[in-house]
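Some notes on the structure that comes next.
For this chain, numbers begin at 1 and follow the sequence in order.
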Amino acid sequence: KQWYQRRVRDHYTGWAELSSSELKDFQGVGIVAVLLPEVATLTEIAQQVVPALSAGNCVIVSPSSPLPALLFASLCVTAGLPSGVLSVVIGGGVSLSCFQ
């Protein structure tokens, strides 16, 4: 597990060290939708949302269990993330049984 944590840290640290000349033509995609599994931890949410936010995208999160996602959104607000950049959509999804 520690090996994986070091690899993730080294990967994202490399992105942070890129100079502005290397990213001069870089643009965000726009809006990124993140669909989370049934039991998503705060770490899993951060691993999916933070790269999209750091690339300059707005993110919509649709969790199965809302508490970790709401905690993450609360942390983002506390950190100073502007409103509307991260949205958490809570509620039952559309049943797809009619398509089976």
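- Scored by the side-chain contact (heavy atoms from CB on, under 4.5 Å) test, A40 finds L36, P37, E44, I45 as partners (sequence neighbours excluded).
- No side-chain heavy atom of P68 sits less than 4.5 Å from a side-chain heavy atom of T41.
- Note on F72: it clusters hydrophobically with V85, by side-chain heavy-atom contacts below 4.5 Å among ILVMFWY residues.
- Side-chain contact between I60 and V89: present, with at least one pair of heavy atoms (C-beta onward) separated by less than 4.5 Å.
- Each of V77, V59, V34 was compared with L86 under the side-chain contact (heavy atoms from CB on, under 4.5 Å) criterion, and only V59 meets it.
- In this structure, CD1 on I31 lies 9.5 Å from CG on N57, to the nearest 0.5 angstrom.
- Linking ILVMFWY residues whenever their side-chain heavy atoms come closer than 4.5 Å, directly or via other members, places V50 and L71 in the same cluster.
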task = Run the numbers on L75 and L81 for side chain to side chain contact (heavy atoms under 4.5 Å, CB included), then give the verdict.
result = CA-CA 9 Å; L75 292 172; L81 192 70; over 6 Å; no

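- Of all heavy-atom pairs between P51 and S54, the closest is O-OG, 3.0 Å.
- Hydrophobic clustering of Ile, Leu, Val, Met, Phe, Trp and Tyr side chains at less than 4.5 Å, counting indirect connections, keeps L35 apart from I90.
- For L70, the CG atom is densely surrounded, since the number of other residues' heavy atoms within 6.0 Å is greater than 12.
- Partners of A33 by side-chain contact (heavy atoms from CB on, under 4.5 Å), not counting sequence neighbours: none found.
- For L67, there are no side-chain contact (heavy atoms from CB on, under 4.5 Å) partners two or more places apart in sequence or in a different chain.
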